[in-house]
Amino acid sequence: MSATTAPETPPQQHGKPTKRPGDVLFRGLSTASAFSILLILAGVAIFLVSEALPVFGADPAEVTGGEGFVSYVWPLIFGTLVASLIAMVVATPVAVGIALFVSHYAPKRLGTAIGFVIDLLAAVPSVVFGMWGFQVFAPRLVPFFTWLSDNLGFLPFFETASRTGRTILTASLVLAVMILPIITAVSREVFLQTPRLHEEAALALGATQWEMIRTAVLPFGKPGVIGGTMLGLGRALGETMAVAIILSPGVFTWNLIDSGNITVPAEIALNFPEAAGLRLSELIAAGLVLFGITLGVNLLARWVVNRRAEFSGAN
Amino acid sequence: MSLDTAPTPPQERKQRKLSEIEGVELEVVRASSNRLSLLALGGAAVLLVLLVVLGLNPALALVAAFVVYLGVVFVAYRNTAGPRVARDHVFRGLVGAAFVLAVVPLLSLLWTVVSQGGPTLVDPAFLNQTMNGVTGLQDQATQRDGAPLIGGAYHAVIGTLVITGIAALISVPIGVFTAIFLVEYQPKGRVSQVIRFLVDVMTGIPSIVAGLFAFALWAVLFGIGTKNGFAGAVALSVLMISTVVRNSEEMLRIVPNELREASLALGVPKWRTIAKVVLPTAASGLASGVTLAIARVIGETAPLLVAVGYARGLNVDPSQGPMNTLAVYAYYMFTKPLSPGFREPSLDRAWAAALMLVLIVVVLNLSARVIAKAFAPKTGR
């Protein structure tokens, strides 16, 4: 050891630390890495803006649709929001159920195993989800869609049914499966943190297991569940391939069970390989809008999750 | 809104009854056994079989049987043990159903991928050939005349390895050093708060936006429309760095402070303490974190579609033109079959590529667990 170290430094003078080259290098490297993150994020914003800029100065007639960028992008945003919100609404109760199952119903061993399975669900690439949704899930939904349009056809959402099942509702349901793991993971985490004393107090007062969960676990975990849900929403907003493969795109429509509508990321993925010139700028600008939306949702989610720390001192 | 309803005075609120607390209703609970719910479950199973035999859609039959089960359990327990127990049993059933509901798509997906992709994945042509020169005519021959499959994913496998490898080379040092900065150099304070916040922001970047960023950066640096492997690696790094930072930070944080202090007290410089004490102690955690980060980006399609493009042949040079990767390959084979009239061979290739991706991801996840377990530092206490 001592043979490899630098020659003995002279005894230190009062509190003045010696600067070793190794220390300077290490500190410099880690500081530079930390600041490179700032640089990368700034880069993402700057380069997207610089490539998107032409579309804002362009003649509105030249933009796809012929009426300027705003009227081009809002149906996309609308489709993105609809698909993600449906996914969120469908996924949240199921995810909370699974999280409760893992944290409070299943034996501990089984709970760990299930946790792994759910992680696996999170790791499956989105393109595989898309292929599965297209080939297996969408055809299975056709009878359901037909039933919907037969019985609820008076609602604008269920006017006509698709024959292939490649609809925005199908895409939303696949998105719901894809965001299940993240909502489950966050909820499970907070449910497990419920103060043991609260739970035992509830049970000691004669509460049934569900009443215990209702009065002790759910109020404690609520901010975590909300935060997890919004993280899931953020993921659903940016999810590309599943929607691009499953949805048979088209113009904006209120009808959820026929082809039509498109989301921002799917629009980009479908059109980017052949795009050039102003079309490129258009798509990049759409990406910029998406970036802004997901950024807002994620920040809100982080804020909600972190706020929990303030009033979780229940013990 | 009327003025004469004054707000409840505080004294009265104190005397609120227990029965008014949300979620609690005071009703008698009588003893009961689990036998009832088992009986109901048996009954529901019989009903399910009956409905399926009668020709009802299996999914619909399952839902119907489940609803009947819940109803029977509720009525049975309300009459024997009281409504509170009945409600408890209903919610137990619902929570179980949520779990089943999540497992069903996973099983269906895994089964589809394995059954559709398995036969092609073991075909040597799939693993050893590229799509160079393969056209719809070959696919037509394969499907119609039973000729052996021509054209595979060799180039996509290589491309995936090259691009993911470069992405890992970029993001692992940056990620680990950022974690070192956050844990060892600036554990508190405004700077690290800002950095943590930025890492959070980075986690939320949609993958396609990362791809657009790489494309735009390359457009500025090398001229518009430049697509190559390095651009893809940069896009993946944007997605990967945040995962590496978060995992590594957690791992460095659990290294006991006594170890650092013991080392520093012996006069070891800080950088050596980090390099020789902290990092080796956390090595297994770091390795598993990096493995998970790789697993997360290896199946990314959208950023590579945007930044790397699509190549039919082998290209091992990430600085020269489009490359192919497994995910993009699967996407193209699935959505744009070589021969629209004879889609089978292309779909087979797509599913085989998908199976390969799933296998890679599963293996990476498992090995991350094994690494974390097997090489964990031995705690002496």
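Below, chains carry the letters A, B, ... as their sequence lines are ordered, and counting in each starts from 1. Basis for what follows: all heavy atoms, side chains included, without hydrogens, waters or symmetry-related copies.
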Participant: With Pro125(A), which of Ile298(B), Val297(B), Val361(B) fulfils side chain to side chain contact (heavy atoms under 4.5 Å, CB included)?
Facilitator: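 Of all the options given, the one that passes is Val361(B).
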Participant: List the atom of Ser33(A), the atom of Ile174(B), and the distance in Å for their closest heavy-atom pair.
Facilitator: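 Minimum heavy-atom separation between Ser33(A) and Ile174(B): CB-O, 3.5 Å.
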Participant: Nearest 0.5 Å, please: how far is CD1 in Ile40(A) from CE in Met202(B)?
Facilitator: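 Here the rounded value is 4.0 Å.
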Participant: At a 4.5 Å cut-off on heavy atoms, which part of Val44(A) comes close to chain B: side chain, backbone, both, or neither?
Facilitator: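 Val44(A) touches chain B through backbone and side-chain heavy atoms alike.
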Participant: Check whether any side-chain heavy atom of Val220(B) lies under 4.5 Å from a side-chain heavy atom of Glu51(A), and answer yes or no.
Facilitator: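 In short, these two side chains touch, coming nearer than 4.5 Å.
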Participant: If I measure from the heavy atoms of chain B, does Val94(A) come under 4.5 Å with its side chain, its backbone, both, or neither?
Facilitator: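 Answer is both: backbone and side chain atoms of Val94(A) are under 4.5 Å from chain B.
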Participant: What part of Phe134(A) gets closer than 4.5 Å to chain B, counting heavy atoms only: side chain, backbone, both or neither?
Facilitator: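 Side chain only.
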Participant: Check whether Thr184(A) gets within reach of chain B through its side chain, its backbone, both or neither, counting any heavy atom under 4.5 Å.
Facilitator: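 Neither the backbone nor the side chain of Thr184(A) comes within 4.5 Å of chain B.
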Participant: Which bit of Thr294(A) is near chain B, if near means a heavy-atom gap under 4.5 Å: side chain, backbone, both or neither?
Facilitator: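 Only the side chain of Thr294(A) comes within 4.5 Å of chain B.
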Participant: With a 4.5 Å cut-off on side-chain heavy atoms, are Trp132(A) and Val113(B) touching?
Facilitator: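 Of all side-chain heavy-atom pairs linking Trp132(A) with Val113(B), none is under 4.5 Å.
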Participant: What part of Leu180(A) gets within 4.5 angstrom of chain B, counting heavy atoms only: side chain, backbone, both, or neither?
Facilitator: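 Leu180(A) touches chain B through side-chain heavy atoms alone.
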Participant: Which atoms of Leu280(A) are under 4.5 Å from chain B, going by heavy atoms: the side chain, the backbone, both sets, or neither?
Facilitator: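 Side chain only.
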Participant: Between Asn298(A) and Val201(B), is there a donor-acceptor pair closer than 3.5 Å when you use the side chain of the first and the backbone of the second?
Facilitator: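 Such a contact is absent between Asn298(A) side chain and Val201(B) backbone.
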Participant: Test Phe35(A) against Val191(B) for side-chain contact (heavy atoms from CB on, under 4.5 Å), laying out the working first.
Facilitator: CA-CA 10 Å; Phe35(A) 281 91; Val191(B) 179; 3.9 Å; yes
Participant: Leu29(A) pairs by side chain to side chain contact (heavy atoms under 4.5 Å, CB included) with which of Trp271(B), Phe177(B), Phe181(B)?
Facilitator: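 Among the candidates, only Phe177(B) passes.
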Participant: Taking side chain as everything from C-beta outward and backbone as N, CA, C, O, which of these in Leu299(A) sits under 4.5 Å from a heavy atom of chain B? Side chain, backbone, both or neither.
Facilitator: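 Side chain only.
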Participant: In the structure I gave you, are the side-chain heavy atoms of Leu41(A) and Ile205(B) within less than 4.5 Å of one another anywhere?
Facilitator: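 When only atoms from C-beta onward are counted, Ile205(B) and Leu41(A) do touch, with a gap below 4.5 Å.
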Participant: Less than 4.5 Å apart, side chain to side chain, heavy atoms only: is that true for Thr240(A) and Pro206(B)?
Facilitator: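 They are not in side-chain contact.
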Participant: Select one option (side chain, backbone, both, neither) describing which atoms of Phe101(A) are under 4.5 Å from chain B's heavy atoms.
Facilitator: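 Contact with chain B is through both the backbone and side chain of Phe101(A).
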Participant: Centre-to-centre under 6.0 Å for Phe215(B) and Phe272(A), is that the case here?
Facilitator: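 Yes: the rings meet the under 6.0 Å criterion.
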Participant: With a 4.5 angstrom heavy-atom cut-off, which part of Ala97(B) approaches chain A: side chain, backbone, both or neither?
Facilitator: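 The answer is neither part of Ala97(B).
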Participant: Is the shortest side-chain heavy-atom distance between Gln135(A) and Trp351(B) below 4.5 Å?
Facilitator: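 Contact flag for Gln135(A)/Trp351(B) side chains = yes.
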